Engineer: 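Sharing a structure below in structure tokens format, with a few things to ask.
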Protein chains: 2
Amino acid sequence: MKQDKETAILKTAEEMVRQGGYNSFSFRSIASAVGIKSSSVHYHFATKEDLGVAVTKFYTDKFISALGSPKSLFENGKDPIVKYVSMFREALEEDKGMCMCGMLGAEADSLPESVVSEIRDFFRRNLLWLNEAYQVKGCNSSQAEAKALQAMAILEGAMIISNTHDDLAMFDLSTQLLVNS
Amino acid sequence: MKQDKETAILKTAEEMVRQGGYNSFSFRSIASAVGIKSSSVHYHFATKEDLGVAVTKFYTDKFISALGSPKSLFENGKDPIVKYVSMFREALEEDKGMCMCGMLGAEADSLPESVVSEIRDFFRRNLLWLNEAYQVKGCNSSQAEAKALQAMAILEGAMIISNTHDDLAMFDLSTQLLVNS
DNA sequence: GTCTATAATTTGATAGAC
DNA sequence: GTCTATCAAATTATAGAC
């Protein structure tokens, strides 16, 4: 696997944000984890805001890519919503903490506007995906839009509760309505 | 309204946590907002962990008290779930940011265990309330337990999404299944 | 690209006067 | 209870050598 320093920095930042939020990572802690000095992190990302924007884009692109298209999932006999739920579940299971944009969305009031803009882009793209998924499953456009938002809310909330209690069963019970329908 | 310094500190801390999380408040920022010096804040709460525990208890007690009992709400012709949803909505509307324990729950992996324990207590007491509410509305014990958890998840997630977009309509659409049933 | 060194600020926390 | 004064550590960020 290709692993240049820039990617290593982004991966480390992602992990730290998902466990403790925007204020829980520092240039030094990332540098230390990657095996370089903090000034070298600044070489790749001039300011914390720049790094915040970059890691949010990094996370969103990776997440959307891993999903595939709702239509092709459906055509292969897989329920795209079940797939979507399992993506969140795996993130919890691997002990990586919260959905990064759920975490940052909670902190939005205290974050730079450029970062908030990227968080919104995460939700916009994910809601589009879910909307398409519900239409593939037979919903009309207006039903699909509402269901997409409701699914997103359930998943973000389920992550919070499950993360707090370190209990995957709470995630499963919270999201069972999404999986059985 | 009685407003001793200790309460003023807790109120300020609550507001800051709800907007930016555990790492977004400092002894100095609280002191400045309350009109005292940081050493005086330390007089009331020796360590940040102590203050974190205290503000979480403060928030939970206030939240539960404001709810009233599901049974008496129901007997007065009010749907306890509708009341519960409106409590979260008002918090968003007054621009106070996230549910404090939703915020802290997201950050749980990086918080002192004593604080995490209080966050869990918030969820435990709220899930008990919701459980009772659904039983009052006619659910059996097992249905009520699942519905309580699902309602909590929807509300926490709806707050994240609505907070990110600064858009109450997204909260309303996310939670409409709770209100219409 | 990475390093050393350092600046300027903020942080949690303490000692001791009043 | 609140203050002044202070500390040690951590923070974001920059300058300049290699």
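Reminder, nothing fancy here: chain letters follow the sequence lines and each chain counts from 1. If you're wondering where the values come from, they're calculated on a predicted model, not measured in any experiment.
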Engineer: Nearest-Å distance, OH (A/Tyr43) to P (D/dA13)?
Structural biologist: 18 Å
Engineer: We want to know whether B/Glu49 and B/Ser114 form a side-chain donor-acceptor pair, criterion being a heavy-atom distance below 3.5 angstrom.
Structural biologist: yes
Engineer: How would you summarise protein contacts on nucleotides 6-18 of chain C per nucleotide, using B for base, S for sugar-phosphate only and - for none, with heavy-atom distances below 4.0 Å?
Structural biologist: B----BBBBB---
Engineer: Using a cut-off of strictly less than 4.0 Å, decide whether B/Ser40 has a side-chain nitrogen or oxygen near OP1 or OP2 of D/dG1.
Structural biologist: no
Engineer: For B/Arg89, check salt bridge (Lys or Arg N to Asp or Glu O under 4.0 Å) against everything at least two apart and list the hits.
Structural biologist: B/Glu93, B/Asp172
Engineer: List in chain and number order the residues that pass ring-ring contact (aromatic ring centres under 6.0 Å, His included) with B/Phe45, two or more places apart in sequence or in another chain; answer none if no residue qualifies.
Structural biologist: none
Engineer: Can I get a per-line list of side-chain donor-acceptor pairs under 3.5 Å for residues 67-77 of chain A, giving both atom names and the distance, sequence neighbours left out?
Structural biologist:
unit_1  : atom_1 : unit_2  : atom_2 : d
A/Ser69 : OG     : A/Lys71 : N      : 3.4
A/Ser69 : OG     : A/Ser72 : N      : 3.0
A/Ser69 : OG     : A/Ser72 : OG     : 3.2
A/Ser72 : OG     : A/Ser69 : O      : 3.1

Engineer: Measure CD1/A/Ile36 against P/C/dT2 and give the value in whole Å, please.
Structural biologist: 6 Å
Engineer: Would you please name every residue forming a ring-ring contact (aromatic ring centres under 6.0 Å, His included) with B/Phe27, sequence neighbours left out?
Structural biologist: B/His42
Engineer: Scan for ring-ring contact (aromatic ring centres under 6.0 Å, His included) pairs involving residues 135-161 of chain B, sequence neighbours excluded, and state none if there are none.
Structural biologist: none
Engineer: With a 4.0 Å cutoff (strictly under), does any side-chain N or O of A/Lys5 reach OP1 or OP2 of C/dT2?
Structural biologist: yes
